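Note sheet for the following structure.
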Amino acid sequence: MTEISYKPKNKLKRGVLLVVLALAVVVTAVMFKDSKKSESLTPSKANTLSISGPWEMTSLDPSKQGYILTRMQVIETLLNVDERGAITAGLATQWQVSEDGLNWQFTLRDGVTFHDGSSLDANVAVHSLKVAQSKHGTLSKAEVVNISALSDNQIGIELAKPYVAFAALLTNYSNAILAEKSYQEDGAVLELYGSGPYQMESFSPPHKLTVRKFDEYWGEKAQISFATYLTGHRAESRILQAKSGEADIVFTLDPAMLSQLESSTELAVHSNLIPRTMFVKLNAGHPFLSDVKARQALSMALDRAAISKNVLGAEGSETAQLMPSSMSQWFIEGVDNNPYNLEQAQQILSGLGWQKGTSGLLERDGKPFKITMMTYADRPELATVATAIQAQWAKLGVDLKVDVTNSSMIPAGHTDGSLEMALIARNFGFSADPLPIISSDFANGGGDWGTMNWVNPQVDTAIAELLNSSQAEQSFALSQEVAQEIYQDTPVLPISSYSQHTSVNARVKNFKFDPFERDYFINQMYFEQ
């Protein structure tokens, strides 16, 4: 009988087993690597920075809600603004203007790649700016005659007349530079390809968008894989997002609700001054408001200090002038920021024929002093302040109705003439120089978010000269002249300078606030490991 040995077979089994085990290890490693790769490509709580704010977005067109797109670092402009308001390099590294102020030249940054893989050159920049010129945006404030490519990396812009703040216009989101593939033939933007450190991942208007880090970015590359922006209309919902950790960063918190966050060890609240002013826009053509003395009386009947301390929770933010001290060229030294004098206000209105009736309301020629003030819910503090103004003016004998509506109703009421008053928060930091905003809001009868039916030839002349002035001393004197006229003639009633209140979750590191609200600096943040 032949004896069969099993030793070679056992060795073979062990060899096969070792091979199988080795393959299993390789497959497991590949699967683990793929799972990590898949995880990095899919938004999750661990790899996504969640941001909440009150602003809706309905379009990818920079001329519409481009402010969200620059803040989320998807699109970029030729020039930027630092925290002191100085113009800095953006997609253009150098710029200069001719002595006559008519010809501007910009040198483009090398090595800029758009999110579709194309590169920035002069023709691309010219195309974007020409599209921006054809739409509603800041570029239309200057009389641009021609935009042309001077070389592969230089563009020229010719103006019909000098515009001293032209560089500041180019910092605005409406003039962002996009890849040519972003535009339809008619200039519409249906797919967005910017040049920022983040690119569009998904867009779900009007409430949510998600961005993904762009590894080919020319500057400081992002560390956080994804970021989302979620619209939180109500102040109550945003404070809950902060407390629950649903949102990592929550902007524009209601000052009255900040106490709810005091006990949290997982949150830090940042309060930063911004170039934004809350004021009452007046229809100077209204029969009750056409006399400057009536407007001054209403101003005197406002206890701004009480509103700032008790309503806004920002003691010392009260102001009776349009610009904050950070914009020194437009700031008037020595102004009383709380010229509250109810008795004098009553005397002034009495001199204009207003007398209190049996109901306690002021009456003149048989008509009660009843008037409506619009405001909007996007900024929750506005409705609260409007209620405080209502109570303060009631002591004067004014019956103020507060109408909380959509913000779009204010420019609509300005246009059709139905607006009587509006409490608004005006951002003078849309560009580094507030002159473009002042020129549209306060000159030649005013604008949607400025004066209404108010004509001041002295202001019109000064602003016209400012737009052509290149001398620092002359510009300062003219700016002061405009500020003084607005302060004395009271076409608007400033209430408070603004502080932006923001909650930041403890897991987010290196948060930075932009006082001009152009950038969230997401690419500079990282998560605590």
Side-chain angles (χ1 to χ4, degrees), residues 62 66 70 73-115 118-133 137-180 193-197 214 216-221 429-436 467-472 475 514 516 518-519 521 523-524:
T70 55
Q73 297 190 306
V74 177
I75 61 177
E76 299 180 300
T77 49
L78 288 179
L79 302 176
N80 290 327
V81 186
D82 68 15
E83 60 187 11
R84 298 179 303 276
I87 304 291
T88 61
L91 292 180
T93 56
Q94 298 177 18
W95 58 99
Q96 59 189 39
V97 60
S98 60
E99 289 187 8
D100 61 8
L102 298 179
N103 291 284
W104 291 74
Q105 185 173 309
F106 300 87
T107 301
L108 302 179
R109 187 179 296 278
D110 293 330
V112 175
T113 302
F114 290 103
H115 300 152
S118 62
S119 299
L120 171 67
D121 61 25
N123 289 328
V124 171
V126 167
H127 182 247
S128 273
L129 291 175
K130 285 186 174 180
V131 173
Q133 185 184 13
T138 63
L139 204 58
S140 61
K141 295 183 182 297
E143 295 185 26
V144 177
V145 174
N146 188 40
I147 306 173
S148 61
L150 304 178
S151 66
D152 288 344
N153 73 332
Q154 287 188 322
I155 67 170
I157 301 178
E158 181 184 354
L159 307 181
K161 61 182 182 181
Y163 193 93
V164 68
F166 185 68
L169 295 183
L170 295 178
T171 68
N172 186 261
Y173 55 81
S174 61
N175 302 316
I177 307 300
L178 310 182
E180 289 193 1
Y193 300 106
S195 60
F214 180 55
E216 303 304 315
Y217 181 56
W218 59 266
E220 182 176 351
K221 292 179 172 53
F430 279 124
S431 61
D433 190 333
L435 179 57
L467 293 171
N468 293 294
S469 173
S470 59
Q471 302 297 320
S475 295
D514 178 8
F516 288 90
R518 299 178 71 255
D519 195 341
F521 302 113
N523 65 324
Q524 298 180 23

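Computed from heavy atoms alone, side chains included, the values below leave out hydrogens, waters and symmetry copies. If you're wondering where the values come from, they're calculated on a predicted model, not measured in any experiment.
Within the 3.5 Å criterion, the main-chain N or O of Ala179 finds no donor-acceptor partner in the side chain of His115. Side-chain N or O atoms of Thr77 include none that pairs as donor or acceptor with a backbone N or O of Asn175 at under 3.5 Å. Within the 3.5 Å criterion, the main-chain N or O of Trp218 finds no donor-acceptor partner in the side chain of Arg109. For the pair Asp82 (side chain) and Thr88 (backbone), a donor-acceptor distance under 3.5 Å is absent.
Counting heavy atoms from C-beta on, the side chains of Leu178 and Ser128 come closer than 4.5 Å. Contact annotation: the side chain of Pro62 approaches that of Ile75 to within less than 4.5 Å [non-hydrogen atoms, C-beta and beyond]. You'll find the side chain of Leu78 reaches within 4.5 Å of the side chain of Ile177, heavy atoms only. Two residues are said to be in side-chain contact when any heavy atoms from C-beta on lie closer than 4.5 Å; Thr138 and Leu170 fail this criterion. No side-chain heavy atom of Leu159 sits less than 4.5 Å from a side-chain heavy atom of Glu143. Counting only heavy atoms from C-beta outward, the side chains of Asp519 and Thr70 never approach each other to under 4.5 Å.
Shown here for Lys130 and Ile147, the closest heavy-atom pair between the two residues is CE-O, 3.1 Å. Minimum heavy-atom separation, Thr113 to Phe214: O-CE2, 3.4 Å. The shortest heavy-atom contact between Leu91 and Glu76 is CD2-OE1, 3.5 Å. Closest non-hydrogen pair, Gly156 versus Leu150, comes out as N-CG, 3.6 Å. The shortest heavy-atom contact between Leu79 and Ala167 is CD1-O, 3.7 Å. When all heavy atoms of Ser195 and Val112 are compared, the pair lying nearest together is CB-CG1, 3.8 Å.
Going from atom OG1 of Thr107 over to atom CD of Gln154 covers 4.0 Å, rounded to the nearest 0.5 Å. Atom CD of Gln73 sits about 4.0 Å away from atom CG of Asn523, to the nearest 0.5 Å. To the nearest 0.5 angstrom, Asn146 atom CG is 13.0 Å from Leu102 atom CG.
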Just do the side chain to side chain contact (heavy atoms under 4.5 Å, CB included) check on Ile155 and Leu129 with the steps written out, would you?
CA-CA 10 Å; Ile155 67 170; Leu129 291 175; 3.7 Å; yes

Steps toward side chain to side chain contact (heavy atoms under 4.5 Å, CB included) verdict (Thr171, Asn80)
CA-CA 5 Å; Thr171 68; Asn80 290 327; 5.8 Å; no

Check the pair Val144, Tyr163 against side chain to side chain contact (heavy atoms under 4.5 Å, CB included), reporting the backbone distance first and the verdict last.
CA-CA 10 Å; Val144 177; Tyr163 193 93; over 6 Å; no

Audit row: Leu435, Leu467, side chain to side chain contact (heavy atoms under 4.5 Å, CB included) steps and yes/no
CA-CA 8 Å; Leu435 179 57; Leu467 293 171; 3.6 Å; yes

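Residue-environment remark: CD (Glu216) stays at or below the threshold of 12 foreign heavy atoms within 6.0 Å. Heavy-atom contacts from other residues, nucleotides or ligands closer than 6.0 Å to CD of Glu99 number 12 or fewer. With a 6.0 Å radius and a threshold of 12 heavy atoms from other residues, nucleotides or ligands, Glu180 has its CD atom above the threshold. Taking a 6.0 Å sphere around CG of Asp152, one finds it holds 12 or fewer heavy atoms contributed by other residues, nucleotides or ligands. Within 6.0 Å of NZ on Lys161 lie no more than 12 heavy atoms contributed by other residues, nucleotides or ligands.
Pairs engaging residues 74-95 under the ring pair (Phe, Tyr, Trp, His ring centres under 6.0 Å) rule: none recorded [sequence neighbours left out].
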Show the atom names and distances, to 0.1 Å, of all donor-acceptor pairs under 3.5 Å that link a side chain in residues 118-125 to residues at least two apart or in another chain.
from, atom 1, to, atom 2, distance (Å)
Ser118, OG, Asp116, OD1, 2.7
Ser118, OG, Asp116, OD2, 3.4
Asp121, OD1, Asn123, N, 3.1
Asp121, OD1, Val124, N, 2.9

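Between Trp104 and Phe166, the ring planes lie tilted relative to each other; the angle falls in the 30° to 60° range.
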